[in-house]
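Any value given below was found using the heavy atoms of this structure, including those in side chains, with hydrogens, waters and symmetry copies removed.
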Amino acid sequence: MTTNSIQVTAAPDHSLPGEPVETRTVGQISVQQPVLSARAVNIFYGAKQAIKDINLDIGLHSVTALIGPSGCGKSTFLRSMNRMNDTIPGARMTGRITLDGEDIYSGDQDVVQLRARVGMVFQQPNPFPKSIYENVAYGPRIHGLAVTRADLDVIVQSSLQKAGLWSEVKDRLSHPGTGLSGGQQQRLCIARAMAVDPEVILMDEPCSALDPVATARIEDLIDELRDKYTIVIVTHNMQQAARVSQRTAYFHMGELIEVGATNQIFTNPGHRLTEDYITGRFG
Amino acid sequence: MLTSTLLLILIGCSVAMYFVGRSRSIALVGGRSGISKLNSLPGHYGLWVAAWCLLPALAIVLAWNALGHRLIVSAVVSQASSVTAPMSPGQRSLLLSDIQNVEDGTVPLALASPSVKAAAFELRRLEQLSHSAVAVLALCVMLLAGGLTWHRLSPTVRARHAVEKVFRVGLAACSTLAIFITIGIVASVLFEALRFFHLVPVTDFLFGTQWSPQMAIRADQVGSSGAFGAVPLFLGTLVISVVAMGVSIPIGLFAAIYLAEYANRRVRAIAKPLLELLAGIPTVVYGFFAALTVGPLLVNFGRVIGVAVAPESGLAAGLVMGVMIIPFVSSLADDMITAVPKALRDGSLALGATRSETIRKVVLRAALPGIAGGVLLAVSRAIGETMIVVMAAGLTGTMTANPFRSVTTVTVQIVQLLVGDSEFDSPKTLAAFALGLVLFAATLALNFIALVIVRKYREQYQ
Ligand SMILES: Nc1ncnc2c1ncn2[C@@H]1O[C@H](COP(=O)(O)OP(=O)(O)O)[C@@H](O)[C@H]1O
Ligand SMILES: [Mg+2]
């Protein structure tokens, strides 16, 4: 099975989520309950095209893994889903990405609201130079989610609990977040993202700076969070993708080569490039 | 032979020996292809030979320059004075200056006494002799040491380590010198200040509220006996510094935020150098700007709103000084803001914070210790500034915290005390050293605090 299958039908541009699309991607790009869906997305840095005509749905309450060799555009695509690419001078995008059916790049979309609904966790843990408490309280304060201090306490505690960090830090909430270990810092960043109660959490190689024990904790956490959140995770670790995700998308040089159920991608890839990558022939 | 000529010859020879040593080391291993058989690189051998050539000879010349002249002079003076009765140190130094004046022609030969004349001739003869002797000695040592080293040069010599050692010693010597110079300056200020405190009690100086340092120079002169209470000066310094910081901190900081966070590359490329141009204006220009433009402006403005503003006021000086300091604050703050990792900004933006929320709550927060350190450095600069105050704030030590009145500062008074004719050991002159000591202690403390803060900030991100 090494040829590009082409799924024919409607025009690529203005199709609705769920509708079949013409695409060179192997596998089913659409899902039953899409939360985010990208159609005909191209992203450029200046004159250089980093993402080429990508169509992909992200399913509700599941973990979608984006894999591929480095420089293939995984981070770029991930960042386009909460418009973090807007902060990069010279970055430009065409196509359409919808969140619950609304175009997130349309003129009346408020970026502030969007980012509250689509949270993000970065490759390097990046706690603010503030206390653990203030790190988690940052988002709720900005969005006015808590009226009283007691409300805020509740949000902070439940976020830290969801991130599995509460028992470790409950006695030192006023200590600086930068004083935690790398793995704890990363869980603090996850707690911080969850404190604004997002629908989707984007994670860009969240474990690449962590040791195996801390990595295992984060992976368990991701598995638990799947009940309530929709998660998209970029990883270059294929075991990790196999362990935590239900759906996997394989990127190659800015193109989405193949997407499908994780176990199918890893046991029976439909495209030659995917197969080469997961068998370690390059990457 | 002149010392400078001698030094030039020594340096020239050792440069030549560098090339000689280099090529000999290459020749010893049979050409460039054999370089890997050398213990060190050819350049190291060159430096090694050159160092042996130069340093011992240089040491001789320097030692003789430091000691030889003094030895000769004391020999000549004791010979001349042995003719007469035993002399006090004062008379000895008088005799010495007589002799030297004759020797270098300041005093015509005809006017000198015979014994002084003889001594002057003797001095000149000995000096000439010693110069030639040193030159010969240095050249011999150079040839000997250079030749020996050249002879010892072999592929197994660890020239690399020898050169390393020479560099280490040289660097250590430079830093030791700098430290000793600092210690010397501090000690001289300290000792003079102590002499002042013998005449005027420390408590009167530090807590007295009246400053009028004019002293009667002659016993019969009508004049004040001098009051050395420095509080008005401290207060004046404080007023002007506060005004200056009140101008420079907000403007400098906001300019830095704009340049670092909002301005595009073109604006930044133009605005940043323009802003830093402010730092290049000589303070005397700021001074007359303050005195001739800002001062009268403030007087008129004060008249309009019904506040009495003196033509020379702490406010005028402080405002202009503040403008002068803006680039210090802004370029330091700019460095600190741009040093905040992009990851922190992204973290905040990804939580839905706006640009300004991110700047206020994350970027400035992270850069704050660094900015505070920069501001403290700027404060110590403001305290040390003299020219603007002389021209725009006045010279009288008024006991007031009112910026609309004429005040004066510590540095200005130091200048005041030392210009004009006065004895070197009068309290008036010595008071300058006491003020200098206070100023030194204050700026040292500020710099120390600033450095501690900046260092702490650095640690946070490494
Ligand atoms: N800020 C940027 N400016 C210019 N080019 C970029 C930028 N970020 C990424 N790129 C380029 O876009 C391509 C995709 O990068 P990225 O999305 O970071 O890949 P991945 O995360 O898969 O390693 C790469 O070729 C990279 O060089
Ligand atoms: Mg990446």
Side-chain angles (χ1 to χ4, degrees), chain A residues 75 78-79 81-90 110-131 134-145 176-179 185-186 188-198 200-204 209, chain B residues 253 257-272 333-374 452-462:
Chain A
S75 301
L78 191 76
R79 284 198 309 265
M81 291 188 276
N82 68 345
R83 292 185 59 176
M84 279 301 282
N85 284 331
D86 293 13
T87 66
I88 298 173
D110 182 357
V111 190
V112 168
Q113 293 307 321
L114 170 69
R115 290 183 188 151
R117 290 167 66 192
V118 184
M120 187 160 198
V121 175
F122 297 83
Q123 190 165 356
Q124 288 287 336
N126 58 351
F128 301 135
K130 296 167 182 277
S131 69
E134 286 301 325
N135 261 284
V136 182
Y138 185 83
R141 278 193 207 279
I142 282 177
H143 297 290
L145 299 184
T178 44
Q185 287 188 12
Q186 195 61 298
L188 179 62
C189 293
I190 293 174
R192 186 174 73 183
M194 285 187 307
V196 291
D197 199 26
V200 183
I201 301 178
L202 309 174
M203 299 184 171
D204 192 350
Chain B
L253 191 57
I257 293 174
Y258 174 72
L259 287 180
E261 297 283 334
Y262 288 100
N264 63 31
R265 206 176 310 149
R266 244 203 355 251
V267 172
R268 193 177 154 87
I270 297 169
K272 208 167 141 82
D334 184 64
D335 288 350
M336 294 301 167
I337 290 172
T338 37
V340 173
K342 184 175 182 309
L344 284 185
R345 278 172 248 262
D346 284 352
S348 171
L349 292 172
L351 283 167
T354 61
R355 197 92 167 262
S356 77
E357 281 166 340
T358 302
I359 292 168
R360 266 185 294 128
K361 298 188 175 176
V362 174
V363 176
L364 282 189
R365 172 77 185 236
L368 193 64
I371 293 173
V452 169
I453 293 175
V454 170
R455 186 171 309 157
K456 213 164 161 189
Y457 164 73
R458 292 241 167 84
E459 277 164 10
Q460 203 177 348
Y461 287 108
Q462 275 166 9

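With a 4.5 angstrom heavy-atom cutoff, A/F128 touches chain B via backbone and side-chain atoms both. Both the backbone and the side chain of A/R192 come within less than 4.5 Å of a heavy atom of chain B. Neither the backbone nor the side chain of B/N264 comes within less than 4.5 Å of any heavy atom of chain A. Heavy-atom distances place the backbone of A/V118, and not its side chain, under 4.5 Å from chain B. Proximity to chain B is limited to the backbone of A/P127, based on heavy atoms less than 4.5 angstrom apart.
Between B/V362 and A/Y138 the shortest heavy-atom distance is CG2-OH, 3.4 Å. Between A/T87 and B/K342 the shortest heavy-atom distance is OG1-NZ, 4.4 Å.
Below 4.5 Å, heavy atoms of chain A meet heavy atoms from B/L349, B/A350, B/L351, B/G352, B/A353, B/T354, B/E357, B/T358, all part of residues 349-358 of chain B.
When side chains are defined from C-beta on, B/V340 does not count as touching A/P129, because their heavy atoms never get closer than 4.5 Å.
Scored by the side chain to side chain donor-acceptor pair (under 3.5 Å) test, B/K361 finds no partners at all (sequence neighbours excluded).
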